[in-house]
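The structure's right below; bear with me while I get my questions together.
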Number of protein chains: 2
Amino acid sequence: MLFKLAVDCVVLAYDHTLNQLLLLLTKRIKEPQVGSWVLPGGFVKQTEDFALTAQRKLEEETGVRNLYLEQLKAYSLSDASTHNRIASVAYYALIKRADYAPMLVDAQLSQWVPVAHLPALPFDHGQKVADALTRLKQTIRTSPIAFYLLPVKFSLKQLQQVYELIYGHSLDTRNFRKLVKGLPYIVPLGEMESNVSHRPAQLYEFDLALYSDSVISETI
Amino acid sequence: MLFKLAVDCVVLAYDHTLNQLLLLLTKRIKEPQVGSWVLPGGFVKQTEDFALTAQRKLEEETGVRNLYLEQLKAYSLSDASTHNRIASVAYYALIKRADYAPMLVDAQLSQWVPVAHLPALPFDHGQKVADALTRLKQTIRTSPIAFYLLPVKFSLKQLQQVYELIYGHSLDTRNFRKLVKGLPYIVPLGEMESNVSHRPAQLYEFDLALYSDSVISETI
DNA sequence: GCAAAAGTGTTCGCAATACACCCATGC
DNA sequence: GCATGGGTGTATTGCGAACACTTTTGC
């Protein structure tokens with residue numbers, strides 16, 4: 001029994017003006033389900049492993065190279081009617097909104113939709129998105145991946161909002177800031193927000209080297 | 001590009017006399033690597049989804065029907081030399097040692113090895129075992145799956161040992177027992193251990209219905 | 001000066017940790 | 001009676017949760 005192997009990507013970004021997590025969808029250009037909005041993805045090629053397929057597809061569709069990419073799991077498509085069945089491996093990716101090259105959105109071949117108001121998706125793509133969000137919730141508790149969604153320079157408010165969106169509930173601002181200030185790898189830049197009609201926020205940066213150090217010292 | 005799809009199973013059991021987690025290995029009967037010890041598994045058949053393949057293989061090889069089975073992830077085999085490549089989906093399973101029908105062990109076609117002293121495994125099977133143990137560590141923190149490894153009636157000492165083996169470090173007995181006694185779904189039977197040359201231990205049972213109740217009441 | 005969001009400390013309760021001795025059985 | 005593992009309670013500490021006001025900017 002032989003399979004075609006597809007890779008599907010749940011690509012998430014954070015829009016701080018909307019204060020929403022966004023999911024990237026593309027328009028199908030082949031049967032079945034031509035014209036409907038689905039997860040970006042494609043078939044695994046000769047020399048690729050899955051992760052490479054996912055990376056290639058994402059670079060084609062978003063122009064983004066610096067991203068967080070992690071495999072979710074494999075799904076067997078229920079549609080076992082044909083001779084060559086299709087199986088798919090789902091990945092989820094976190095990208096910075098600003099890095100996204102919008103050529104495909106302009107051509108109406110892709111769009112961002114808020115995960116809070118997802119349309120029904122064909123195939124098992126709805127399930128994959130749900131699984132990705134569950135995984136993200138778990139992973140963000142133990143791993144500093146929020147920074148893949150945020151601009152390089154961000155305010156603590158933005159950081160908090162990302163956590164609130166992913167957890168699905170609000171956090172206490174004072175407790176959150178207390179916690180963050182205890183982390184050596186989230187470093188305040190001298191810089192402030194500008195052009196806001198209220199008190200400007202201090203900007204911060206995630207320092208990967210300091211994070212690695214802190215992980216090592218915990219392990220010892 | 002077409003693939004053959006294999007399923008590999010990391011099957012774990014607990015032996016309380018050895019106080020070890022055991023991994024099930026089978027002897028390969030085909031090239032490549034004939035005669036070496038590998039994870040049990042097989043190819044996905046026409047009408048099956050992966051989980052079904054895993055279940056079928058496990059029943060063939062262990063005779064066990066009541067088990068915990070969860071997908072780990074998909075692996076692309078690096079050996080991309082041939083025309084039809086092989087991809088594999090790994091599962092991990094927890095079974096009760098006593099349920100295992102030992103016909104294959106007797107025939108020297110399979111064996112149990114302590115996970116603490118694993119031999120090097122061919123292909124990427126070593127990686128799969130490592131990934132399974134990592135996943136198990138995470139899952140056991142939030143989900144009562146230790147009971148799939150234990151006999152129906154078990155002592156608190158046995159339960160503690162399972163947690164210690166999976167976590168990889170020892171736990172404080174008094175604190176552990178205090179915690180367990182606070183759980184409504186771990187119920188003491190009147191019964192005691194027998195034929196032990198020391199004070200016999202109280203036996204306990206995991207009550208799934210009570211567990212479900214407690215999960216629901218937490219959610220409300 | 002007013003609207004709007006940034007920023008800041010203290011208290012409380014609970015859960016995790018550390019720790020040492022008596023008990024019941026088989027031989 | 002002794003060897004072996006079963007079984008028990010208390011005190012301390014650290015961490016997460018709750019909570020309200022002042023500050024800085026643009027207009």
Side-chain angles (χ1 to χ4, degrees), chain A residues 14-20 137-138 140-142 146 150-151 153-184 186-205 214 217-218, chain B residues 14-20 137-138 140-142 144 150-151 153-184 186-205 214 217-218:
Chain A
Y14 167 67
D15 185 305
H16 79 276
T17 61
L18 294 174
N19 189 25
Q20 290 276 359
K137 254 184 231 184
Q138 292 167 3
I140 205 168
R141 271 176 209 281
T142 54
L150 286 167
K153 300 175 182 184
F154 53 87
S155 67
L156 294 189
K157 181 62 175 270
Q158 290 175 336
L159 183 60
Q160 185 178 342
Q161 283 175 336
V162 166
Y163 277 87
E164 288 178 338
L165 284 169
I166 292 173
Y167 287 151
H169 60 82
S170 59
L171 299 171
D172 181 275
T173 304
R174 277 179 289 191
N175 292 336
F176 182 81
R177 299 172 87 96
K178 198 193 316 172
L179 191 149
V180 168
K181 295 215 167 143
L183 302 175
I186 298 182
V187 294
L189 308 164
E191 241 166 303
M192 296 287 160
E193 258 182 340
S194 55
N195 295 322
V196 288
S197 75
H198 55 79
R199 176 173 173 179
Q202 169 80 252
L203 294 178
Y204 288 75
E205 196 173 53
S214 72
S217 62
E218 273 171 32
Chain B
Y14 168 67
D15 185 306
H16 80 274
T17 62
L18 294 174
N19 189 25
Q20 290 277 358
K137 254 184 232 185
Q138 292 167 3
I140 204 168
R141 271 174 209 284
T142 54
L150 287 167
K153 300 176 182 183
F154 54 86
S155 67
L156 294 189
K157 180 62 175 269
Q158 290 174 337
L159 183 60
Q160 185 178 342
Q161 283 174 336
V162 166
Y163 276 88
E164 288 178 337
L165 283 169
I166 293 173
Y167 287 151
H169 61 82
S170 59
L171 298 171
D172 181 277
T173 305
R174 276 180 290 190
N175 293 336
F176 181 80
R177 298 172 89 96
K178 198 193 315 173
L179 192 148
V180 169
K181 295 216 168 142
L183 302 175
I186 300 182
V187 294
L189 307 164
E191 241 166 304
M192 296 287 161
E193 257 182 341
S194 54
N195 295 322
V196 288
S197 74
H198 54 79
R199 178 174 172 179
Q202 170 81 252
L203 294 178
Y204 289 75
E205 196 173 54
S214 73
S217 61
E218 274 171 32

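All chains are named by letter (A, B, ...) in the order of the sequence lines, taking the proteins before the strands, and each is independently numbered beginning at 1.
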(Q) Just to verify, what does B/V196 make a side chain to side chain contact (heavy atoms under 4.5 Å, CB included) with, not counting sequence neighbours? (A) B/E193, B/H198, B/P200
Q | By salt bridge (Lys or Arg N to Asp or Glu O under 4.0 Å) - contacts of B/K181 (at least two apart) | A | none
Can you give me the N/O atom pairs linking the protein to nucleotides 7-10 of chain D at distances under 3.5 Å, or say none if there are none?
from: D/dG7; atom 1: OP1; to: B/Q202; atom 2: N; distance (Å): 2.7
from: D/dG7; atom 1: OP2; to: B/R177; atom 2: NH2; distance (Å): 2.6
from: D/dG7; atom 1: O5'; to: B/R177; atom 2: NH2; distance (Å): 3.0
from: D/dT8; atom 1: OP2; to: B/K181; atom 2: NZ; distance (Å): 2.4
from: D/dT10; atom 1: O4; to: B/K178; atom 2: NZ; distance (Å): 3.0

Q: Please report, rounded to the nearest Å, how far the C1' atom of D/dT4 is from the CD atom of B/E193.
A: 12 Å
Q. Roughly how many Å is it from CD in B/Q160 to P in D/dG6, rounded to a whole number?
A. 9 Å
**Q.** Protein-nucleotide distance (A/L179, atom CG; D/dG14, atom P), rounded to Å
**A.** 17 Å
Q | salt bridge (Lys or Arg N to Asp or Glu O under 4.0 Å) partners of A/E164, counting only residues at least two apart | A | none
Q. Got a sec, which pairs hit salt bridge (charged side-chain N to carboxylate O under 4.0 Å, His left out) with one end in residues 166-179 of chain B, sequence neighbours left out?
A. none
(Q) Can you list everything that forms a ring-ring contact (aromatic ring centres under 6.0 Å, His included) with A/F154? Sequence neighbours excluded, please. (A) A/F147
Q: Using distance alone, with no hydrogens and no angle criterion, decide if A/Q158 and A/Y14 have a side-chain donor and acceptor under 3.5 Å apart.
A: no
**Q.** Counterpart residues, side-chain hydrogen bond (donor to acceptor under 3.5 Å, both in side chains), relative to A/K137 (two or more places apart)
**A.** none
Q: For B/D15, enumerate each residue passing the salt bridge (Lys or Arg N to Asp or Glu O under 4.0 Å) test, keeping only those at least two apart in sequence or located in another chain.
A: B/R97
Q) Hey, where on DNA chain C does chain A first and last touch, going 5' to 3'? Cut-off is any atom under 4.0 Å from a heavy atom. A) C/dA4 to C/dT10
